[in-house]
Amino acid sequence: MTDDLLDRPTVHALLADGTTVCVRPARPADHEQLQGFYEEMSPENLRLRFFSMNRRSAALAADRACAPAHPGYQALLAEVDGRVIGLAEFDTGGETDGDEEGGAEISIAVADGLHHRGVGTLLVEHLVSAARAEGISTFTADALSENHEVLRLFADLGLPTSRRFEGPEVRCTIHLDQDDTYLSAVEARGRAADVASLLPLLRPSVVAVVGAGRTPGSVGRAVLHHLRSGGFKHRLFAVNPGVDSVLGVPSHPSVAALPMTPDLVIVAVPASAVAAVAEESGKAGVRALVVVTAGLDHTQAQTLLTACRTYGMRLVGPNCLGVSNTDPELSLDATFAAEHPRPGTAGVAVQSGGVGIALLDGLSRLGIGVSSFASLGDKFDVSGNDMLQWWESDGRTDLALLHLESFGNPRAFSRTARRVTRRIPVLTVDAGRTDAGRKAAASHTAAAATRTMTRGALFTQAGITATRSVGELVETAALLHSQPLPEGSRVAIVTNAGGAGVLTADACAEAGLALPPFTPAMIDELLAVLPDDAAVGNPVDATAAVSEQQLTECVDRLTRCPGIDAVIVALVPTAVAAATGDDLVRAVTAAPGRRARPVIAVRLEQDRSVRLLAAADGGTIPSYAEPQGAARALAHAAKRAAWLARPAGVVPALDGIETGRARTVVADHLSGPAQSRLRPTGGTLNDGGWLDPRTCAELLACYSIPQTPWAWAETEDDAALAADRLRGFDGRVVMKAHWPGLLHKSQQRAVHLDLRGDAQVRAAFRDLETRFAGLMTGVVLQPLAARGTELFAGVVQDEVFGPLVLFGLGGTATEVLSDHAARLAPLTDRDVHELITSPRCAPLLLGANGNTPVDLEELEQLLLRLSRMAVDLPQLAEADFNPVLASPGGITVLDARVRLLPRRPQDPYLRRLR
């Protein structure tokens with residue numbers, strides 16, 4: 001084993017049946033247990049593993065796995081309840097030092113009776129991740145041709161695999177490319193395991209409430225009351241040592257004393273007692289805990305989570321409202337909300353209990369109701385990602401609502417959400433948009449990379465509908481639940497009061513919706529059915545004299561109008577309608593089933609922000625009290641429709657990539673002497689920092705990122721000679737001072753432009769040398785660039801979200817103008833297209849006002865290569881390309897800075913629990 005593997009923390013993951021398993025490196029202390037693991041195998045299992053039934057093979061295998069660490073060998077074992085149930089190893093034979101072309105032999109063993117539960121597959125996935133981190137590109141394995149189980153394991157991994165038969169043996173070669181096929185296969189296995197593990201939590205057959213007492217108003221008693229009054233269909237117990245029953249529910253002194261083992265235990269005891277309850281529950285065989293208790297200190301929290309991992313229990317909370325599942329065959333309401341949630345089709349997961357109560361109330365009032373609900377609280381275990389996978393598989397949920405204040409694994413969440421939101425809408429409140437405590441940024445890139453931008457990139461790429469408030473979330477849910485998606489953002493407004501129409505038009509324009517003019521033919525149709533004094537623009541002012549029948553015909557025609565994607569009907573109550581007995585609202589709800597486009601109402605007198613009006617055909621129409629609510633909801637629906645209409649996108653293959661060489665450049669920099677001046681991270685050995693120009697250029701060359709010609713000079717004479725070699729456009733050169741930690745050259749006046757001839761070059765060098773004496777280590781010279789658009793491209797490694805790629809207008813005003821867009825890496829072809837077209841400067845690149853577009857293909861390549869570099873190199877803390885010169889003739893990086901920090905690679909897609 002290598003030291004790197006020994007340093008890896010123990011992780012927990014789920015087997016196919018939802019069982020929690022510990023995955024960790026084998027250590028010398030495991031020798032006795034590993035030898036026993038092999039010795040307990042049946043003769044047949046031993047023969048398939050070792051090609052013979054020699055018991056001596058068990059001791060040799062244990063010796064190898066537990067030997068002192070040595071290069072090119074790693075062994076991972078799987079444990080349940082402290083018992084080894086599987087072992088997987090790879091061995092390069094000591095012939096690799098991280099070379100990307102290296103290969104390794106792999107072997108797998110699984111305990112008798114535990115086959116077909118995904119033990120071997122899970123271990124191989126973790127071994128693949130460890131091998132890729134060491135630059136190993138292939139696994140080879142020899143197996144008996146009759147060993148169908150291991151051959152099927154290799155075939156189903158999702159990795160390219162070839163077989164070569166050699167007599168009774170088969171030699172398998174597995175290529176460790178982490179492409180979308182492999183990630184999708186890992187996701188499918190993870191989804192099945194995750195859903196299985198959540199069954200005891202969300203579909204329990206036996207539930208116990210620990211801490212349900214006699215005191216009215218106590219949380220435990222409230223949860224028990226909800227379970228009982230909600231009509232829970234299965235066995236229910238209370239745990240309280242002082243009473244025989246609580247609220248008519250049988251009570252027992254402890255979890256261990258219950259007559260049957262609960263699937264789910266609700267814990268509502270003081271913080272000091274939570275860990276003991278968790279330990280007792282785990283020993284009793286409980287599979288899931290909901291801890292509503294708040295206020296656990298660090299030690300109590302860690303002990304709680306350790307118990308859950310040790311005994312394989314899924315955990316919701318602590319500090320949560322509880323969970324519910326309104327399935328009529330279950331009727332589980334293990335919460336202490338004021339009311340029972342109305343059964344329905346919306347899945348809800350929140351971190352804030354208050355937000356959860358508001359959403360439950362809003363969805364119940366609308367009649368949408370809830371399929372299942374989870375208040376995640378402090379989110380020690382079960383997360384929004386878990387709930388998305390549950391809703392994807394439950395057969396009841398058609399709308400997902402999330403309120404997440406934090407993300408444990410955003411890249412895994414993003415992949416899950418991209419898949420789920422193609423089937424059902426996923427909505428969220430974008431909580432935590434501001435970061436008042438954010439420190440001053442280290443460079444242009446970090447200055448641009450706000451948390452709001454990072455979260456926005458995640459939501460945009462995943463197709464999640466992000467709202468700014470709980471009210472807006474409910475308003476949007478009402479529209480998505482009740483109406484078809486619009487094909488675009490073109491809206492027709494019809495009203496019986498001109499003022500209401502103007503307000504609605506303003507709201508639509510502010511939300512980014514368009515109000516196109518009608519065709520002459522449509523104008524004639526509308527005039528034929530409306531009162532004589534109606535104004536048929538957009539908005540349509542049907543006047544107060546419009547009748548129910550006239551308004552119905554008008555709305556019907558607008559929903560069939562070419563060039564219109566949705567209709568908003570803004571109504572105010574009038575004495576005219578009251579006198580004639582007309583119900584104008586009925587004109588909106590008359591027959592929505594025959595209307596292919598969404599129709600929504602705005603009623604300024606409405607007492608609630610949104611209602612769902614019953615329609616004649618059994619459907620519903622959303623009605624809003626304010627035009628802004630209607631317009632925001634419709635804009636979200638239009639964005640979702642546009643996202644669904646786009647292809648999913650793929651990460652393109654790139655040529656000219658030298659990942660192995662790049663990793664060597666990074667390793668050499670981080671292992672070399674520390675730079676001493678103005679280092680943002682200090683000045684000690686191996687603490688990383690900004691690369692010097694030569695190392696930076698070498699790193700960019702590993703990814704074929706185009707750079708302008710340049711030269712390094714440390715003396716006046718060297719600068720003059722370099723300038724002669726670099727004379728570019730009109731014979732002029734640029735000189736830039738350099739010292740470790742220099743970030744803003746223009747602000748420091750550390751740049752000389754438009755230098756002509758030897759005298760000017762020498763004078764510029766002497767000026768920089770004098771003004772920055774004791775700092776400057778040399779200068780960079782470049783030919784003066786030709787004309788073009790100055791752009792900015794960069795990347796920041798967010799500790800939570802991973803690498804974020806930024807793009808926008810560059811030059812000295814980049815921070816002032818803040819014209820930037822961002823997407824999380826790895827970028828797909830779709831992501832990079834949106835990244836280029838999102839900033840306000842995009843028309844300059846696309847050929848505005850008859851100008852020639854810049855080389856968009858090369859610009860896309862630059863951003864894709866920057867994304868690849870950030871994904872390959874987790875040590876890349878920050879990269880800043882400013883300016884990037886864009887012209888019809890190509891794309892060139894004129895100035896580049898890269899900052900490295902010593903970081904261990906983390907595989908965001910590896911199956912493991914939080």
Side-chain angles (χ1 to χ4, degrees), residues 200-201 204-297 299-308 310-325 330-340 353 357 375 377-378 380-381:
L201 175 70
S205 296
V206 183
V207 176
V209 180
V210 181
R214 297 175 176 176
T215 306
S218 69
V219 172
R221 185 182 178 92
V223 173
L224 186 66
H225 170 74
H226 258 49
L227 282 162
R228 188 171 179 273
S229 61
F232 180 58
K233 296 293 193 295
H234 302 297
R235 299 298 301 272
L236 179 61
F237 297 100
V239 174
N240 188 319
V243 294
D244 294 330
S245 68
V246 181
L247 297 174
V249 176
S251 178
H252 297 266
S254 65
V255 174
L258 292 170
M260 57 183 63
T261 301
D263 300 301
L264 171 64
V265 168
I266 315 298
V267 182
V269 299
S272 59
V274 168
V277 172
E279 182 76 16
E280 181 186 29
S281 299
K283 289 179 178 178
V286 172
R287 297 291 305 282
L289 293 183
V290 171
V291 178
V292 300
T293 306
L296 277 69
D297 62 28
T299 300
Q300 292 164 344
Q302 190 59 51
T303 306
L304 167 63
L305 186 57
T306 298
C308 290
T310 299
Y311 298 107
M313 297 181 289
R314 296 309 306 265
L315 169 66
V316 169
N319 185 24
C320 72
L321 184 67
V323 299
S324 66
N325 185 341
L330 184 66
S331 298
L332 171 77
D333 185 9
T335 72
F336 55 97
E339 304 290 340
H340 295 296
I357 291 172
S375 169
D378 292 338
F380 281 16
D381 177 24

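What you are looking at is a predicted structure, and each value in this text was computed from that prediction instead of being measured. All heavy atoms count here, side chains included; hydrogens, waters and symmetry mates do not. Positions are given from 1 along the sequence.
- Of all heavy-atom pairs between A307 and E279, the closest is CB-OE1, 3.9 Å.
- The line from CZ of R221 to NE2 of H226 is 14.0 Å long, rounded to the nearest 0.5 Å.
- How far CG of L224 is from OG of S229: 9.5 Å, rounded to the nearest 0.5 Å.
- Applying the side chain to side chain contact (heavy atoms under 4.5 Å, CB included) test between P318 and each of L289, V292, L304 identifies L304 as the sole match.
- Looking at heavy atoms from C-beta onward, Q302 lies out of side-chain contact with T299 at the 4.5 angstrom threshold.
- In this structure, P262 and V206 have side chains that are in contact, with non-hydrogen atoms separated by less than 4.5 Å.
- Side-chain N or O atoms of D263 include none that pairs as donor or acceptor with a backbone N or O of P204 at under 3.5 Å.
- Going from atom NE2 of H234 over to atom CG of L264 covers 12.0 Å, rounded to the nearest 0.5 Å.
- With C320 as the partner, the side chain to side chain contact (heavy atoms under 4.5 Å, CB included) test is satisfied by one option alone out of T335, D378, V290: V290.
- The 12-atom threshold is not exceeded at CG of D244, counting heavy atoms of other residues, nucleotides or ligands nearer than 6.0 Å.
- When every heavy atom of L321 is checked against every heavy atom of G353, the shortest pair comes out as CD2-O, 3.9 Å.
- For the atom pair M313 CE and L305 CG, the distance stands at 10.0 Å (nearest 0.5 Å).
- Minimum interatomic distance between A212 and N240 (heavy atoms only, all atoms of both residues): O-ND2, 3.0 Å.
- Of all heavy-atom pairs between A294 and A271, the closest is O-CB, 4.0 Å.
- No side-chain heavy atom of F336 sits less than 4.5 Å from a side-chain heavy atom of H225.
- The nearest pair of heavy atoms linking I266 to A334 is CD1-CB, 3.8 Å.
- Here the side chain of Q300 pairs a donor or acceptor atom with the backbone of D297 at under 3.5 angstrom.
- Side-chain contact check for Y311 versus S281: every heavy-atom pair is 4.5 Å or farther apart.
- The distance from atom CG of L227 to atom CZ of F237, rounded to the nearest 0.5 Å, is 13.0 Å.
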Next item on the list: Go through V219 and T293 one step at a time and tell me if the side chain to side chain contact (heavy atoms under 4.5 Å, CB included) criterion holds.
Entry: CA-CA 9 Å; V219 172; T293 306; over 6 Å; no

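- Note: C308 SG to R314 CZ = 10.0 Å, rounded to the nearest 0.5 Å.
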